[in-house]
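Here the structure is laid out as structure tokens; the discussion comes afterwards.
Letters A, B, ... are given to chains in the order of the sequence lines, protein chains preceding strands, and every chain is numbered from 1.
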Amino acid sequence: MDFITILSIFVLACFVGYFVVWSVTPALHTPLMSVTNAISSVIIVGALIAAMAAAVPAAKWLGLAAVVMASINIFGGFAVTARMLAMYKKKERR
Amino acid sequence: MGHGAALVPAWVMLAYLVAGVCFIVALRGLSSPETSRTGNRFGMAGMLLAVGTTLVTHEITALWEIIVAIAIGGTIGFVTARRIAMTAMPQLVAAFHSLVGLAAVAVAGAAFLNPDAFGIAVEGLIDPVSRVEMGLGAAIGAITFSGSVIAFLKLNGNMSGKPIMLPLRHLINLGTLIGIVGLTAYFTQDQSQWVFWTIVGLSFAIGFLLIIPIGGADMPVVVSMLNSYSGWAAAAMGFTLQNSAMIITGALVGSSGAILSYIMCKAMNRSFISVIAGGFGGGDAAAGGGEASDRPWKRGSAEDAAFLMKQAEQVIIVPGYGMAVAQAQHALREMGELLKHEGVTVKYAIHPVAGRMPGHMNVLLAEANVPYDEVFELEDINSEFARTDIAFVIGANDVTNPAAKTDKTSPIYGMPVLDVEKAKTVLFVKRSMGGVGYAGVDNELFYRDNTMMLLADAKKMVEDIIKSLA
């Protein structure tokens with residue numbers, strides 16, 4: 001992919017983000033933050049690539065450290081979001 | 001071009017794109033509580049797809065190390081997520097932000113040290129465009145990290161919520177910022193170690209400097225802003241790796257945080273710049289305007305409150321940060337239940353900046369089993385106060401101050417507030433008459449004829465009311 005293609009994806013994704021986030025109900029703004037936290041840890045992709053390349057030891061260790069940090073976020077972020085979302089209940093109609 | 005990513009097969013690019021779409025669906029699900037749980041599962045699926053694709057398309061040289069790293073991180077994350085108290089959610093989110101930031105710095109550092117692994121170098125020379133991308137990624141990541149650490153310490157109470165004002169701080173910040181931008185530009189010409197690591201070091205410093213002057217109750221804006229930065233950092237690294245999943249996610253998270261910051265600023269009627277400039281809500285202001293007023297006010301007891309609420313047709317409960325501090329949400333729900341048994345309509349009104357992060361009060365009420373269709377946002381419920389018998393304010397202050405509508409000299413003038421004073425009676429739970437709200441201004445509401453002050457710890461007061469109701 002050339003730079004312009006990547007930039008196009010980025011710009012369009014910003015617009016998608018803009019509209020999607022405005023549609024989020026204010027009651028769920030805290031889960032929104034925790035789930036965005038989890039998904040921004042997709043940076044683990046870069047961490048894995050670094051950890052799997054053995055040529056430069058320092059880079060590998062930085063990669064492994066990043067894998068640990070991103071994993072905390074991924075597991076923690078999704079789990080805490082699921083825990084919060086499970087609490088949102090509707091009124092029981094009697 | 002040194003971009004080796006051209007060799008990536010089409011199915012791999014497609015897989016990352018699908019992962020990106022899963023993340024969009026995850027956020028879209030949050031438009032209502034019913035769809036949100038499915039959305040969260042889409043998010044997990046997207047992450048699994050992104051990680052799986054990365055693993056199968058690279059020669060795995062350190063499988064065990066990676067498995068151990070994921071197991072350690074996963075366990076820490078999962079256990080923390082299970083155990084954390086809902087009142088501590090703002091701290092947890094700040095801590096998570098700091099990790100995204102630091103991970104971004106580590107990935108950028110690894111890409112800098114071993115550019116061949118990322119396919120961004122020709123004979124050891126990193127592509128200049130990639131240098132800018134990794135410089136930016138590292139800088140934003142470092143700012144996110146140190147800023148979030150300070151936000152965490154302030155939210156967790158390890159550090160005073162009061163703003164810390166350094167002399168000449170605007171000058172120092174501006175100089176540091178210019179230094180980072182200048183060095184990033186210079187980095188395209190000179191790929192030396194010192195340039196990269198100085199960018200990282202200066203960015204750590206500015207993240208720290210930016211957040212220390214910001215006061216506790218401005219934290220909703222800060223947490224949202226750092227959320228946004230963590231997204232931009234991921235996006236910058238996505239550019240370096242030419243990975244669409246990372247770019248889409250970065251853009252989503254970046255806009256999400258930016259929009260939340262905007263909503264929070266608007267709810268306080270303050271500009272983003274004035275929040276970032278900091279210094280608002282200092283302890284000094286509180287001391288100055290504090291106990292000055294000796295106007296008459298009415299004090300009520302738990303029994304009075306219980307009696308009045310029992311007679312009411314509708315009670316609107318207005319919670320604030322004080323409710324979270326006192327952990328009064330469960331008692332409050334019980335009080336609501338008892339009132340409903342008496343035939344009283346009970347609703348909850350939430351100001352956008354109540355609490356320490358966006359949606360903080362909603363989560364606490366949900367935790368206490370308050371159905372979310374009894375909980376209303378400011379614009380949806382404000383017109384109802386005039387038709388309401390009792391407004392029960394617990395742990396909120398500035399967001400109910402009528403001076404915001406009338407007193408042009410008030411620091412909170414123009415801020416949208418809940419019209420609680422329009423209710424027939426206002427019951428205001430507060431620890432003592434001494435303290436003032438975050439803005440350091442006296443609340444007009446206390447001295448109104450229709451206000452009754454209930455002075456006690458929020459949880460204790462609600463429990464006493466429950467006893468009188470039963």
Euclidean distance, B:Met357 CE relative to A:Thr30 OG1, rounded to 0.5 Å: 4.0 Å
Shorter than 4.5 Å, heavy atoms on both sides: which option in B:Ser256, B:Pro33, B:Gly254, B:Gly231 has the most such pairs with chain A? B:Ser256
Ring-ring centroid check B:Tyr348 B:Phe376, cutoff 6.0 Å: no
Among B:Ala117, B:Gly74, B:Cys22, B:Ala62, residue most engaged with chain A (heavy-atom pairs, under 4.5 Å): B:Gly74
Aromatic plane relationship, A:Trp22 with B:Tyr262 - under 30° parallel, 30 to 60° tilted, over 60° perpendicular: perpendicular
So, do A:Ile72 and B:Phe96 sit near enough that their side-chain heavy atoms are less than 4.5 Å apart? yes
Partner chain A: residue of B:Leu27, B:Asn40, B:Ile24, B:Thr61 with the largest heavy-atom pair count (under 4.5 Å): B:Asn40
Please classify the contact between A:Ile74 and chain B as side chain, backbone, both or neither, with a heavy-atom cut-off of under 4.5 Å. side chain
B:Leu365, part contacting chain A, at a heavy-atom distance under 4.5 Å: neither
Side chain / backbone / both / neither for B:Ser32 at chain A, heavy atoms under 4.5 Å: backbone
A:Leu48, A:Asn73, A:Leu7: which one forms the most heavy-atom pairs within less than 4.5 Å of chain B? A:Asn73
Closest-packed option against chain A by number of heavy-atom pairs under 4.5 Å, given B:Leu63, B:Ile66, B:Leu17, B:Thr53: B:Ile66
Between A:Thr5 and B:Gln242, is any pair of side-chain heavy atoms under 4.5 Å apart? no
Does any heavy atom of chain B fall under 4.5 Å from the side chain of A:Leu12, the backbone, both, or neither of them? neither
I'd like to verify something: which residue of B:Val370, B:Thr57, B:Ile350, B:Leu55 has the highest number of heavy-atom pairs under 4.5 Å with chain A? B:Leu55
In terms of heavy-atom pairs under 4.5 Å with chain B, the winner among A:Ser71, A:Ala13, A:Gly17 is A:Ser71
With a 4.5 angstrom heavy-atom cut-off, is it the side chain or the backbone of B:Leu260 that approaches chain A, or both, or neither? side chain
Look at B:Asn243, B:Ile84, B:Val375 and state which one has the largest set of heavy-atom pairs under 4.5 Å with chain A. B:Ile84
Between B:Glu377 and chain A, with a heavy-atom cut-off of 4.5 Å, which part of the residue counts as in contact: side chain, backbone, both or neither? side chain
Please test B:Glu34 against A:Lys89 for salt bridge (Lys or Arg N to Asp or Glu O under 4.0 Å), starting from the C-alpha separation and ending with a verdict. CA-CA 9 Å; B:Glu34 288 104 76; A:Lys89 291 188 201 84; over 6 Å; no
Looking at A:Lys60, A:His29, A:Arg83, which has the largest count of heavy-atom pairs under 4.5 Å with chain B? A:Arg83
Treating B:Thr249 as the side-chain partner and B:Phe23 as the backbone partner, does any N or O pair qualify as donor plus acceptor under 3.5 Å? no
What part of B:Ser224 gets closer than 4.5 Å to chain A, counting heavy atoms only: side chain, backbone, both or neither? both
Any donor and acceptor pair, going by atom type alone, linking the side chain of B:Arg356 with main-chain N or O of B:Pro220 inside 3.5 Å? no
In the structure I gave you, are the side-chain heavy atoms of A:Val24 and B:Ser31 within less than 4.5 Å of one another anywhere? no
Report which part of B:Met44 has an atom under 4.5 Å of a heavy atom belonging to chain A: side chain, backbone, both, or neither. both
Which one, A:Ala65, A:Ala53, A:Ser40, A:Pro31, leads in non-hydrogen pairs under 4.5 Å with chain B? A:Ser40
Side chains of residues 104-116 of chain B: which donor-acceptor partners sit under 3.5 Å, not counting sequence neighbours?
none

Is the B:Tyr372 ring parallel, tilted or perpendicular to the A:Tyr88 ring (thresholds 30°, 60°)? tilted
Only one of B:Ile72, B:Ile70, B:Val51 passes side chain to side chain contact (heavy atoms under 4.5 Å, CB included) with A:Val67; say which it is. B:Ile70
Can you run down the side chain to side chain donor-acceptor pair (under 3.5 Å) pairs that involve residues 70-82 of chain B, sequence neighbours left out, and say none if there aren't any? none
Non-hydrogen atoms of chain B under 4.5 Å away: do they reach the side chain of A:Ile44, the backbone, both or neither? side chain
Is the backbone N or O of B:Gly101 less than 3.5 Å from a side-chain atom of B:Thr144, with the two atoms forming a donor-acceptor pair by type? no
Side chain, backbone, both or neither: which part of A:Val45 has an atom under 4.5 Å from a heavy atom of chain B? both
Pairs of heavy atoms under 4.5 Å with chain B: top-ranked of A:Leu85, A:Leu64, A:Val11, A:Val16: A:Leu85
Who among A:Gly76, A:Ala47, A:Ser41, A:Ala51 has the most heavy-atom pairs with chain B under 4.5 Å? A:Gly76
Residue part contacting chain A, namely of B:Met89, when any heavy atom lies under 4.5 Å: side chain
Please flag which part of B:Glu367 lies under 4.5 Å from any non-hydrogen atom of chain A: side chain, backbone, both or neither. both
